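The structure under discussion appears below in the form of structure tokens.
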There are 2 protein chains.
Amino acid sequence: MTKMHKENNLTKNQQIVLDLIEKSTEPVKAYSILSNVKKKGMKAPPQVYRALEKLIKVGKIHKVESRNAFIACKNTNCEVSNATAFSICQACEKVTEIVNSKLSKYLKSFQDSTGMKYKKYNLEFFGLCQKCKSK
Amino acid sequence: MTKMHKENNLTKNQQIVLDLIEKSTEPVKAYSILSNVKKKGMKAPPQVYRALEKLIKVGKIHKVESRNAFIACKNTNCEVSNATAFSICQACEKVTEIVNSKLSKYLKSFQDSTGMKYKKYNLEFFGLCQKCKSK
DNA sequence: ATTTAATTTGTTATAATATAACACTATGTA
DNA sequence: TACATAGTGTTATATTATAACAAATTAAAT
């Protein structure tokens, strides 16, 4: 096969997986991705997990750890997923990435008592979204 | 059988699992717990997972989401695990719970742009611990 | 242009993590 | 006692993720 990726340096499989995640309004699970990309020729888990791994590495997607699911990055120019925060509704499972410079500034510069300096953090907030709260 | 739990209201299985996690200096995985408590009569995954669920609910342990592992709560009087923060070394995998009232105060009162109010959060910091940094 | 090194692919198999379901037992309280 | 609630033991299975390896593709270096 000839050239198989766009200017962003994603390969065909990576682009297929990214397209699917970006289209989704909710976090997508790996095996749900798999069943949805079978028609495009991706047949086995490793193909999906490899694409996910790469997409995370380049900051195109994030993993929502508490849900084992994947979500597209909201920041148009996000290049590395080293500072992530999510809002998760415990009722409807809606997940939204929190983009808040005050918060990220605070956390990026956080120093614990041991003096350990952090390269990366992931924060997940849980509660009820507006919709679910008013039910 | 007669009375099977102590004044803290934990049952035998729950206490067995808690003892094991409290003894450990590192986060423990569910199946590692299982293999270690077989000699005490716990034979199958659901027994372990149920104990873990209860221990989390009462705040005795926390789940380190990015590692699928469990760690004892450091706060002697922790009753609910609704505000957790961890420091994770990416090299040696050492995990330490961060107890920092400024941080928890900041996060507990955090309001995002949607006005959603949170009941709970979990924060995981990643980096290199002192030991690994100096290698 | 050809070789090389690094990366990605396709594939099979399997490991690791977690829950469903059900009959039963124990406990706390009325 | 009777009832409600929670926990138990058990089998089976669902879900999430990785190991391993040969082949193909790509980027870059000769």
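Just the heavy atoms: all of them, side chains too, but no hydrogens, waters or symmetry mates, feed the values below. This is a predicted model, so every value here is computed, not measured. Letters go in sequence order (proteins before strands), and every chain restarts at 1.
- The side chain to side chain contact (heavy atoms under 4.5 Å, CB included) search around A:Ser66 returns A:Val64, A:Ile88, A:Glu124, A:Phe126, B:Glu65, not counting sequence neighbours.
- For DNA chain D, the neighbouring residues in residues 40-47 of chain B, judged by any heavy atom under 4.0 Å, are B:Lys43, B:Ala44, B:Pro46, B:Gln47.
- Here the C1' atom of nucleotide C:dT9 and the CD1 atom of A:Ile16 are 12 Å apart, to the nearest Å.
- Applying a 4.0 Å cut-off to non-hydrogen atoms, the residues of residues 26-37 of chain A that approach DNA chain D are A:Lys29, A:Tyr31, listed by residue number.
- As a whole-Å value, the separation of B:Asn13 CG from C:dA26 P is 13 Å.
- With rounding to the nearest 0.5 angstrom, the SG atom of B:Cys73 is 10.0 Å from the CD1 atom of B:Ile61.
- As rounded to whole Å, 17 Å separates atom C1' of D:dA6 from atom CD of B:Gln15.
- Dashed line: the shortest gap from a side-chain N or O of B:Lys54 to OP1 or OP2 of D:dA6 is not under 4.0 Å.
- Taking atom NZ on A:Lys57 and atom P on C:dT8, their separation rounds to 7 Å, with Å as the unit.
- For residues 21-37 of chain B, there are no side-chain hydrogen bond (donor to acceptor under 3.5 Å, both in side chains) pairs, not counting sequence neighbours.
- Residues meeting the ring-ring contact (aromatic ring centres under 6.0 Å, His included) test with A:Tyr121, sequence neighbours left out: none.
- Between A:Arg50 and B:Arg50, the residue whose closest nucleotide on DNA chain C is further toward the 5' end is A:Arg50.
- Under the side chain to side chain contact (heavy atoms under 4.5 Å, CB included) criterion, B:Lys133 pairs with B:Leu128, B:Gln130, not counting sequence neighbours.
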Please list every donor-acceptor pair under 3.5 Å in which a side-chain atom of residues 37-56 of chain A meets a protein atom from a residue at least two apart or in another chain.
residue	atom	partner	partner atom	Å
A:Gln47	OE1	A:Lys43	N	2.7
A:Gln47	OE1	A:Ala44	N	2.9

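- OP1 or OP2 of D:dT26 has not a single side-chain nitrogen or oxygen of A:Lys12 nearer than 4.0 Å.
- Closest contact between the side chain of A:Tyr49 and the listed nucleotides C:dT8, D:dT18, D:dT8 involves D:dT18.
- Between A:Thr11 and the phosphate of C:dT9, there is a side-chain N or O to OP1/OP2 separation shorter than 4.0 Å.
- Taking atom CD of residue B:Glu53 and atom P of nucleotide C:dT19, one finds them 8 Å apart after rounding to whole Å.
- Protein atom CG of B:Asn9 is 17 Å distant from nucleotide atom P of D:dT5, rounded to whole Å.
- Looking at heavy atoms from C-beta onward, A:Asn122 lies in side-chain contact with A:Phe86 at the 4.5 angstrom threshold.
- Between A:Asn68 and the phosphate of C:dA18, there is no side-chain N or O to OP1/OP2 separation shorter than 4.0 Å.
- Contacts classified as ring-ring contact (aromatic ring centres under 6.0 Å, His included) and involving residues 87-106 of chain B (residues at least two apart or in different chains) are given here: A:Tyr106-B:Tyr106.
- One can place CG of B:Leu52 at 12 Å from P of C:dT17, the figure rounded to the nearest angstrom.
- For the side chain to side chain contact (heavy atoms under 4.5 Å, CB included) test, residues two or more places apart in sequence or in another chain that qualify with A:Asn82 are A:Lys120.
- Summarising the geometry, the separation between CD1 on A:Ile56 and P on D:dT18 is reported as 10 Å, rounded to the nearest angstrom.
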